[in-house]
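Let me begin by presenting the structure, written as structure tokens, before commenting on it.
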Amino acid sequence: MKVTKKRLGRAFFQNPDVVEVAKSLLGKIICSNVDGKYCEAMITETEAYAGQNDKACHAHMGRFTKRTATMYEKGGTSYVYLCYGIHHLFNIVTNIEGKADAVLIRAIEPINGTAIMLERRKTTRLNPIVFSGPGKLTKALAIDKSLNALDLVYNDILYIADHNFIVNDIVKTTRIGIDYADEDALLPWRFYISGNKFVSQP
DNA sequence: TAGGTGATCTTG
DNA sequence: AAGATCACCTAT
């Protein structure tokens with residue numbers, strides 16, 4: 001079978017249904033070209049954050065600050081921020097400009113440049129634990145705040161591609177680490193590829 | 001299971 | 001304006 005590698009364009013990200021985008025991002029490829037080192041990793045786990053109506057979202061009730069401003073950008077923009085003083089978390093903004101929807105990437109599976117990613121994680125063992133968790137994959141892909149608010153559609157440092165991986169079965173669960181969000185903490189908006197070892201909490 | 005770490009936001 | 005909070009990780 002011919003494998004096509006196609007970069008995702010604006011239309012993919014501007015979908016007004018962030019839950020659908022979170023699901024269709026599973027199996028897609030993150031291409032990172034930081035420090036002249038190129039590597040590719042498949043997205044295995046995501047979470048959807050649905051703008052101002054979602055209590056778990058940074059932009060809940062239209063909250064607009066220096067940090068959350070990026071979430072209001074047009075779909076296809078990167079949203080990277082520091083969490084717990086240590087970890088960079090990588091999100092992809094979706095929907096049109098002004099709508100603060102985003103998808104958090106929670107886990108990846110290395111596809112190309114695995115050695116580079118292992119080195120950045122300071123290990124030699126290819127263990128799923130090394131790449132499953134939002135703070136870990138950013139380290140593996142060298143994503144930090146300097147890559148915030150980047151346009152993933154036109155940039156050559158960081159972008160998303162489709163290698164035509166077929167995702168057969170998607171598991172739906174509740175999102176992690178958002179107990180403060182009351183009833184919205186119960187929404188089944190965390191998705192991962194069924195049977196894939198590279199997820200944070202099977 | 002506890003503590004580290006620092007930007008962000010303030011009786012989540 | 002200082003302190004609580006926080007979409008987490010690593011090591012004991």
Side-chain angles (χ1 to χ4, degrees), chain A residues 13 18-19 21-23 25-26 30 41 43-73 75 77-95 99-110 117-150 152 158 160 170-193 197-202:
Chain A
F13 300 109
V18 64
V19 170
V21 179
K23 285 192 275 193
L25 274 171
L26 294 175
I30 303 173
I43 299 171
T44 57
E45 179 178 341
T46 61
E47 277 178 8
Y49 287 86
Q52 65 171 30
N53 298 321
D54 179 0
K55 287 189 182 176
C57 182
H58 289 160
H60 179 230
M61 299 290 285
R63 215 158 90 221
F64 190 95
T65 64
K66 194 174 174 189
R67 178 177 62 156
T68 64
T70 307
M71 295 193 80
Y72 294 84
E73 291 289 325
T77 303
S78 71
Y79 174 40
V80 182
Y81 70 95
L82 192 63
C83 182
Y84 297 110
I86 300 175
H87 310 288
H88 295 278
L89 269 59
F90 174 48
N91 301 247
I92 298 172
V93 175
T94 70
N95 213 329
K99 304 282 188 181
D101 297 354
V103 176
L104 169 67
I105 309 301
R106 290 193 55 89
I108 57 170
E109 172 176 346
M117 291 185 252
L118 286 172
E119 187 188 336
R120 285 177 178 145
R121 293 287 289 114
K122 300 200 190 317
T123 181
T124 53
R125 267 205 111 68
L126 180 52
N127 185 320
I129 275 184
V130 173
F131 300 109
S132 54
K136 299 179 189 176
L137 69 92
T138 54
K139 202 164 180 194
L141 295 171
I143 296 173
D144 65 15
K145 271 181 63 177
S146 68
L147 299 182
N148 182 40
L150 227 57
L152 301 173
L158 187 66
I160 314 296
I170 295 173
V171 179
K172 266 192 274 205
T173 63
T174 52
R175 294 174 290 178
I176 290 176
I178 51 152
D179 296 340
Y180 57 87
D182 303 330
E183 73 274 12
D184 285 350
L186 301 175
L187 292 168
W189 283 358
R190 169 171 171 253
F191 307 99
Y192 61 87
I193 299 176
K197 298 279 183 280
F198 290 78
V199 302
S200 66
Q201 265 184 322

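The structure presented is a predicted model; accordingly, all values stated were derived computationally and were not measured. Quick note on labels: first sequence line is chain A, next is B, and so on, each numbered from 1.
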Contact class for A/Asp179 (heavy atom, under 4.0 Å): base, sugar-phosphate, or nothing? nothing
Would you indicate which nucleotide in B/dA7, B/dC9, C/dC8 comes nearest to any side-chain atom of A/Arg106? C/dC8
Does B/dT11 have a Watson-Crick or wobble partner in any strand here, with both distances under 3.5 angstrom, and which is it? none
Looking across every strand, which nucleic acid part, if any, lies under 4.0 Å from A/Lys55 by heavy atom: base, sugar-phosphate, or nothing? nothing
Give a yes or no on whether the backbone of A/Ala149 and the side-chain of A/Ser78 come within a donor-acceptor separation of less than 3.5 Å. yes
Answer with base, sugar-phosphate or nothing: what part of the nucleic acid does A/Ala56 contact at a heavy-atom distance below 4.0 Å? base
Quick check for you: among B/dA7, B/dG4, C/dT10, whose closest atom lies nearest to any side-chain atom of A/Lys136? C/dT10
Name the residue from A/Val19, A/Val171, A/Leu25, A/Thr173 that meets the side-chain contact (heavy atoms from CB on, under 4.5 Å) definition with A/Phe191. A/Val19
Just to be sure I understand the rule, does A/Ile176 reach a base, reach only the sugar-phosphate, or reach nothing, if contact means heavy atoms closer than 4.0 Å? sugar-phosphate
Span that lies between the P atom of C/dC6 and that of B/dG12, in whole angstrom: 9 Å
Distance check, rounded to the nearest 0.5 Å: A/Phe90 atom CZ versus A/Leu141 atom CG? 8.0 Å
Check: A/Asp184 main-chain N/O paired with A/Asp182 side-chain donor or acceptor under 3.5 Å: no
Sort out the partner of B/dT5 for me: Watson-Crick or G-U wobble, both distances under 3.5 Å, none otherwise. none
Using the P atom as the reference point in each nucleotide, state the distance between B/dG3 and B/dA7 in Å, no decimals. 22 Å
Measuring from the side chain of A/Lys145 (C-beta onward, heavy atoms only), which nucleotide among B/dA7, B/dC9, C/dC9 has the closest atom? B/dA7
